[in-house]
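Order of appearance sets the numbers: ligands from 1, and atoms from 1 within every ligand. Everything numeric in this text was worked out from a predicted model, so none of it was measured. The chain is numbered in sequence order, starting from 1.
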Amino acid sequence: MSGLGKGITTASIGRLLKNRGYEVTAVKIDPYLNIDAGTMNPAQHGEVFVLSDGAEVDLDLGNYERFLDINLKSIHNITTGKVYKSVIEKERRGDFLGTTVQIIPHITDEIRHCISRAAQEEIDGGRAAEICLVEVGGTVGDIESMPFLEAIRQMHGELSPQDMVLVHVTLVPVDAMGDLKTKPTQHSVKALRELGLQPDIIVGRSSEVIGPQTKRKISAFTDVPAKAVISAQSVPDIYQVPMELEKEGLAEVICNYLAIENREPDTEWYRLISQDYTNRVTVAIISKYGIEDVYISIKESLKHAGRALSTEVNIRWLDAEAFDHRDLADVDGILIPGGFGERGIEGKIQAIRYARENKRPFLGLCLGLQLGVVEYARHVLGIPDATSEEMGPGTHVITIIPDHENAPGLGGTMCLGDCTVTLREGTMIADLYGRTTTVERHRHRYEVNPEFISDLEDAGLTFTGFCGERVEVCELPDHPFYLATQFHPEFKSSPTNPSPPYIGFVAACKKNKISARAR
Ligand code: GLN
């Protein structure tokens with residue numbers, strides 16, 4: 001079922017294999033009819049993650065990238081929409097001339113083709129991976145998942161046994177008496193078997209440790225050896241999951257199935273994740289959604305930067321529509337994330353003003369940069385009706401990017417994916433990166449109106465990063481830490497590679513905390 005942690009389990013398995021020197025890639029299958037996640041409401045579906053090639057994908061691809069330190073592409077997210085679109089286009093071209101086009105074999109063939117193609121794709125310009133993880137989203141028995149599970153069954157039948165291992169992630173709930181219940185696992189394995197799939201490994205997700213007795217019981221009902229029944233107890237930090245699975249001996253079980261050597265693992269990841277924090281800061285994120293999954297990459301990036309600085313970052317989620325500056329009195333930093341539409345923007349603008357005037361660390365991301373510019377134009381430049389074109393009438397200090405005006409719809413038509421940003425030498429952003437160019441990811445339709453750049457600069461806001469002519473970064477020199485980016489640095493942060501703007505922000509929060517004590 002959704003929300004169980006299949007994505008983290010998949011990413012963690014990848015990490016176990018990567019720690020053993022295997023090259024790993026990952027594919028996510030989403031059984032919905034949307035072509036991609038780009039037009040889906042993040043409040044329902046969670047964050048829309050953006051890949052370097054500009055694909056707007058399921059948030060699990062973000063987990064894969066963070067755990068595996070690789071850059072995935074659009075083809076690594078297979079949706080029912082993409083599969084059907086491709087088959088229908090082939091039908092229109094006449095590729096199937098004479099045949100009746102059907103779910104089996106045409107759709108299942110297409111799914112298998114998509115999986116193989118993604119598996120064989122070179123990773124970051126290098127070789128193709130040795131092992132491909134394929135996560136099938138959804139729940140066994142859902143109508144939507146059927147063609148995918150059928151395609152997997154066909155592949156399983158054709159490949160030699162050591163070329164494919166099936167891992168089934170199940171819920172192992174705890175009843176009112178505190179006992180672990182194996183019934184949901186028994187039933188879902190039964191449902192899988194009806195589809196012709198017998199799992200090789202069961203990963204049981206539970207709030208408690210699944211002990212040997214429960215494992216034996218699951219084993220007896222499912223024919224999965226007790227050694228291959230893995231306890232995946234909830235842990236406070238997702239990056240601990242590989243370590244927990246390591247202790248459970250999952251890597252050995254997988255290597256045995258795949259007939260590959262269970263090499264001595266590199267333990268750097270485990271060392272990194274086990275370090276203790278010596279400091280704590282609180283960061284406010286002002287958002288209109290009220291659910292944290294919308295900003296999972298930001299949350300994780302703060303964690304990555306925090307780890308690098310031995311600082312635990314606590315997040316205070318504040319509702320943009322009920323903004324009250326008193327909620328910011330004791331926070332060490334203020335973060336305004338990306339977003340769309342008018343709802344909640346006035347609260348965010350007030351929060352930025354508070355951060356600017358009270359000299360609190362401020363990090364603005366995408367919409368956060370745009371609202372920072374609006375705030376500055378209103379309260380420093382003296383344009384009271386300054387706003388973004390996205391929000392309606394007023395003086396548009398933020399305008400639509402010219403070639404985006406007449407986009408043929410909303411799906412995949414934003415400025416998306418990698419851009420090379422030039423950072424002005426001697427600025428805070430160039431210092432943070434330690435260089436004068438960086439490649440970061442975009443997801444926006446609007447930009448700083450070039451007509452206002454010089455006025456804003458004269459009034460003290462400095463633009464320190466550009467992609468061509470387009471503003472990418474702004475800073476306020478006369479402030480302890482005021483940084484906003486049009487790009488989304490959070491899409492490229494990982495525990496092993498924390499993002500420089502986030503490092504700068506958390507470091508500034510740490511400093512703020514020290515000076516707050518003095519205040
Ligand atoms: N809505 C703004 C735009 O489209 C900002 C987008 C974002 O924050 N991702 O430009």
Closest to atom 2 (C) of ligand 1 (judged by heavy-atom distance), picking from M414, E390, R443: E390

Centroid separation F362 to F481 less than 6.0 Å: no

Residue from E65, E47, E490 passing side chain to side chain donor-acceptor pair (under 3.5 Å) with S297: E47

Closest approach of any protein heavy atom to atom 7 (C) of ligand 1, naming residue and atom: C366 SG, 3.0 Å

Side chain, backbone, both or neither: the part of Q370 lying under 4.0 Å from ligand 1 by heavy atom: side chain

Within-cut-off N or O pair, L367 and ligand 1, under 3.5 Å: yes

Under 3.5 Å side-chain donor-acceptor pair for N77 and D30: yes

OH-OG1 distance between Y239 and T496, expressed to the nearest 0.5 angstrom: 9.5 Å

H45-Y32 aromatic ring centre distance below 6.0 Å: yes

Taking atom 10 (O) of ligand 1 as the reference point, the nearest protein heavy atom with its distance: Y446 N, 2.8 Å

Check: N71/S52 side-chain N/O donor and acceptor closer than 3.5 Å: no

Sub-4.0 Å heavy-atom contact, H488 with ligand 1: yes

Side-chain H-bond candidate by donor/acceptor type, D53 with S74, under 3.5 Å: no

Atom 4 (O) of ligand 1 - nearest protein heavy atom and its distance: R445 N, 2.9 Å

Residue G338 vicinity, atoms of ligand 1 by number, heavy atom under 4.0 Å: 8 (O)

Contact check: G339 vs ligand 1, nitrogen or oxygen atoms, below 3.5 angstrom: yes

Polar contact flag for Q486 and ligand 1 (N/O pairs, less than 3.5 Å): no

